[in-house]
Each structure stands twice: as structure tokens, then as C-alpha cells.
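Below is one structure, written out as C-alpha cells, with a few remarks after it.
Since this is a predicted model, take the numbers as computed values, not measurements. Residue numbers begin at 1 in each chain, while the letters A, B, ... track the order of the sequences. Any value given below was found using the heavy atoms of this structure, including those in side chains, with hydrogens, waters and symmetry copies removed.
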Amino acid sequence: MSGTLGRLVAKGVCKSFGALPVLDGIDLDVSAGRTLALLGPSGCGKSTLLRVMAGFESFEAGTVTVDGEPVTGPSPTRGMVAQAGTLFPWLTVRQNVGFGPRERGDSDVATTVADLLEVTGLSDFAGALPRQLSGGMRQRAAIAQVLANQPPLLLLDEPFGALDAQTRLRMHEWVRGLLAQRPTTTVLVTHDVDEALLLGDQLGLLSARPAKVVALRDVPFGSDRGRHTLAEPDFVSLKASVLDEVLEAS
Amino acid sequence: MSDTLAGVAAPMGVVVTPATAARRGRRRPRRLLGLIVPVLVLVAWQLAWQWNLRPRTILPSPHEVLTAADAFFFGERVVGLSGVVYFKGAGWSHLATSLSRCGQAWAIAVAVGIVLGLGLGLSKWVADLLDPFTNALRAVPLFAWLPLASVWYGINPTSGKIIIFIGALWPVVVATTDSVARVPAAQIETARMLGTPRTRLWRRVYLPSALPEIVTGLRLSLTLAWTCVIIAELGGTTDGVGAMMTAAREAGATEQIIVGIFVFAVIGYLADRTLRLVSRRFVSWSAT
């Protein structure tokens, strides 16, 4: 089943920092409930594109719309999680997860928060402060914090980049399960080809700066992807060709 | 060869460097270490008195000061004339007066300072408007306000409180302004993304994020406020530890002056400690 909300459309998005062009006419169309993984050489403007979608950055030309609504600024309908995490260090995990709903005037957040803590495996750490959590737990909490607002669109900016390989793999499996349970349109920016192929329904390849979408393809694996997928011949050969493309693009 | 550099390998693979060894056993020796200087000062003082290095009228013995302190706090209180600065038995009342003066002025300085600091740190407009003014005012020495305050309000407790207020204000303003300006942009973006309206950001993000540094400013401010009490009580009042010291100077009672100095030292130290303990509860999230 796929969600009915959260179709993301970008048309001709251009952005530059002063004289430095960063995004050069980005066109994307992500259907509701699908996950788009964006790969590209480092420094190509992947994160900037995500920040544009989140509404943190203005852009000079083009349009970004979610379900037809143009993006003009940050909004609870577009939740973004960055590599460094976005938890407030002075709030407990429970307070962090409940922050969004509470700010939006929802006083009865206990059930939502308890559910999300359950899903993220953080129930036992509800009263802990972010600095008391491990890196993986912190990122799960950050994702829970964003999901508490039930955003139709989830933006992940190398959310597992700071984690060790094993934890990252576990997080990949966890995110897959999560997105299967709660279909949410997701844009994942990463430089990790494994991550892109494990999580994406679609794969977008960006060129070196200024970034353009140079290739867009469907990922041919089903929803039961996990660590076993990494060893499948199809996966290995696809990974090799994608790697080639990424290296060519840079 | 290298063990002299890298430290001595202890059993169970634990490397004990001189630094870790010192850290382990530091609590008790450290505390005792802190007593060395006071004891040396006390001994030097006693010897200076015994050898008559200074006339005994201006250098009392430690014992005389202790006796005076005992009389100050525990002596039988004489009650009577107004306009007289009492010493014997008046210790607690003087102390209470000084503490309340300091506390009132400090509390106002904290409230004004945090509001002013938030304004300066959060709004470019407010900063452009007020920065030159506040920076110039800050450069005025505290004592320079005293003549003006006494012309306006007379030599009385009110002008004293104004001096304490001014002295305590700037550390709060500076700490709040700086720390608010250093709040990570990512925290602001996260709050905006999660649904916090701009008008509520100061309460949800700026203030809590900046709190540890603001608290450091508050501690500095409290110490300054307490040192300003003596300036505030130089004249125009018959109550307060400072008033007692001024009267003692006029009477040539050096041991009473020294009692006053000890009172300031002990209370200042205790106030800072207390504030540190209390504040630790609120800013425990920032590992310090």
C-alpha cells in the first residue's frame, strides 16, 4: 500500500551561493510513499538540494511542490534528519520526540510518543538525555522526533554517515521496516551506494557541482531487502555499475 | 625505554600515567592543599602581631578578631538610639540587611540583564540601536556612578542598590548576548521545521540552549553584586556589614573591620557555591 500524500515535484530548481552555482535545473518527481535515493560526488550540492526541499534555503529559479503546495519555508509537513542529528540536548528523548506535536498545539502526545519510542526501540531510554545515547540510538530518536508530526515527506541527509558499518546496516534494515509500516515519501541523500540500493525505490544520480540529475532509475529489489541482499549477484553487479556512474560523474 | 614517557604499565593492561594517578587520588590531597595558604597567612599574621611589626592598634591579633566576631554575632545586643551603628550582637541583622539589599538589586539586574541580552543577541535591530549606548555605559567605572546616584537619591540605601544593580547588570547582559548569538543554527532550523513559530523560538530554543553560559554569567554577576555591597554601604545607612565597617574605621576598631572582611569572604564564597549547586540541576544536560 502506498500513501496518498507526499508527492514531491521539483522543476528546474537553480540555486547558487553568490557567484557559485550549486544546483543547475533539478527536475525530480517522487510519487507518494516512494523512496528516492540521491547519489552524487561529494560536494556536488546534494545536501543543498535537500535543504531546498526542506525550506531552509531559498532558490533563484524553478519550483518545488509537495502535493501541489509550493515550498516556501520550513514546515512540519516536511521532516528532515541530518547526519549530526537534530535532537535538543537539554530535552529528554521523550520530550524531544514529543516536541513537534506539542509545538503544534497537540497536548495529548503521550500515545504518539510511546508508539514511536516502541518502534525506535527507545522505550527504555525515554528519560535519557541525547548525550547519554549511542550514535545509532540518537539517529533513531531524531527520526522519531520528525515522524511524530506525521509528515507526508521525510528528508534524510546522510543520516547514518556518522555511524559504524554494522550499526549503519542495522539502521538500514530498521528504516526499511519503518517505511513499510508507515509509508512516507522519502528523499535520502547519501554517498553510500549500499545505502542507496538498500533503501531506495528509485535511484537518482547527480553530477558534480553544479548538480544536475544525470540518471534516474528504478531499483529492482523488493521490499524484503536486508543484509542478505548485499550478497546477491544482482545487487553486486548493479552496485558495480552504479559505482562506475558515480565515479564518472565526479 | 619508552615506559618513562608513556607511563608505567600496571596489571590488567591499565596504563597508569602520572596524570591518571594524580586524578585518582586527587580529591583528598587537593582539599588539604587548599588549606595550606590560609594556614600560612594565619601563622604569618600571628607572628607579625607577636613581633610588633605594626602597631597593635592597627594590627589586631587573630584571637582579637575571633573575639570580635564572636561578639558581633553572639554578643548581647544593645538596643536603643537611632543613627548609631551597632556592633555587639548586631551581626545577623547587619548581614540580613546586606543580603537583602544585594539580593534585591541582583534579582532586578538578572531580570533586566537577561531581557536586554536576549534583545541584543536575537535582534539585529535592537543590537544596532543599543550596542554603542550599552558599550559606552559599560566602560564607566562603577565608582563614577556613586556621586550621581547620591545627588539624585541622596546618600541612602536606594543609591546603594543602584550601584549594586549596575555592577551586577553587565555580566548578565554580556553572557546572555554572547551565548544567544552562539546557539547553533541547526537547533533553530529543527525547531522551525517541527512547528515552533518564530515568536516562540526564544523560549523554546535560544534560552534553554544558552542557559549554561547564562548561568556562568549569573555567578560572576552575583559575586560582583556582593562586592558592590560595600560601596553601597559606604554612607547614608546604619545597617549592613558595610555600614558596620565604615563605622569601625571611624572608631579605629581594626579588628571589627577585619571581621567585616571575613564576613564578605565567607558569604561570597557560600553564595557562589550555592548558585553553582542550584544551577547544576537546570543545566545538567551540558556536560561540564
Side-chain angles (χ1 to χ4, degrees), chain A residues 47 50-57 71-93 95-106 109 112-113 127-133 141-151 153-157, chain B residues 110 114-115 117-118 121-125 172 175-219 275-288:
Chain A
S47 292
L50 214 59
R51 289 176 56 78
V52 162
M53 293 171 177
F56 292 146
E57 301 276 355
V71 170
T72 52
S75 152
T77 59
R78 280 167 275 122
M80 173 152 147
V81 178
Q83 177 175 340
T86 43
L87 299 171
F88 299 112
W90 58 90
L91 297 179
T92 62
V93 171
Q95 292 167 328
N96 263 296
V97 175
F99 186 92
R102 204 168 280 127
E103 283 302 275
R104 298 166 63 217
D106 186 352
V109 296
T112 317
V113 172
L129 289 168
R131 71 177 161 91
Q132 295 167 312
L133 303 181
I143 293 175
Q145 180 189 49
V146 157
L147 289 181
N149 276 334
Q150 297 178 305
L153 181 63
L154 183 62
L155 304 166
L156 302 175
D157 184 7
Chain B
V110 167
I114 289 182
V115 171
L118 280 175
L122 290 182
S123 159
K124 181 126 179 33
W125 189 83
V172 182
T176 310
T177 310
D178 286 358
S179 57
V180 157
R182 269 203 295 272
V183 169
Q187 290 180 357
I188 305 300
E189 286 181 348
T190 301
R192 293 280 293 131
M193 169 188 78
L194 292 174
T196 307
R198 264 180 215 288
T199 48
R200 223 188 288 152
L201 280 177
W202 70 274
R203 198 148 48 96
R204 287 289 185 271
V205 184
Y206 284 107
L207 200 56
S209 182
L211 202 58
E213 277 181 77
I214 295 178
V215 162
T216 309
L218 294 191
R219 282 178 54 202
L275 188 56
R276 210 158 99 183
L277 280 177
V278 172
S279 65
R280 208 171 273 173
R281 281 185 59 99
F282 295 101
V283 296
S284 60
W285 59 269
S286 83
T288 40

M80(A) vs E189(B), side chain to side chain contact (heavy atoms under 4.5 Å, CB included): CA-CA, chis, key distance, verdict: CA-CA 10 Å; M80(A) 173 152 147; E189(B) 286 181 348; over 6 Å; no

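- Nearest heavy-atom pair across Q187(B) and P89(A) is NE2-CD, 3.6 Å.
- Of the atoms belonging to V146(A), heavy atoms from both backbone and side chain fall under 4.5 Å from chain B.
- Looking at every heavy atom in both residues, W90(A) comes nearest to S209(B) through CZ3-CB, 3.5 Å.
- Residue S75(A) touches chain B through its backbone alone, counting heavy-atom pairs closer than 4.5 Å.
- Highest contact tally toward chain B, considering only G100(A), P151(A), G105(A), is held by G100(A) [criterion: heavy-atom pairs under 4.5 Å].
- Interface remark: Q145(A) contributes backbone and side-chain atoms alike to the contact with chain B (heavy atom separation under 4.5 Å).
- By the 4.5 Å heavy-atom criterion applied to side chains, R200(B) and E103(A) are counted as neighbours.
- Nearest heavy atom pair, residue L194(B) against residue R104(A), reads O-CD, 3.7 Å.
- Residues F99(A) and R204(B) form a side-chain contact, since some pair of their non-hydrogen atoms from C-beta on lies under 4.5 Å apart.
- In this structure, Q95(A) places its CD atom where more than 12 heavy-atom neighbours from other residues, nucleotides or ligands lie under 6.0 Å away.
- M193(B) is not listed as a side-chain neighbour of N149(A), based on a closest heavy-atom distance of 4.5 Å or more.
- In this structure, G195(B) and P76(A) approach most closely via the heavy-atom pair CA-CG, 3.7 Å.
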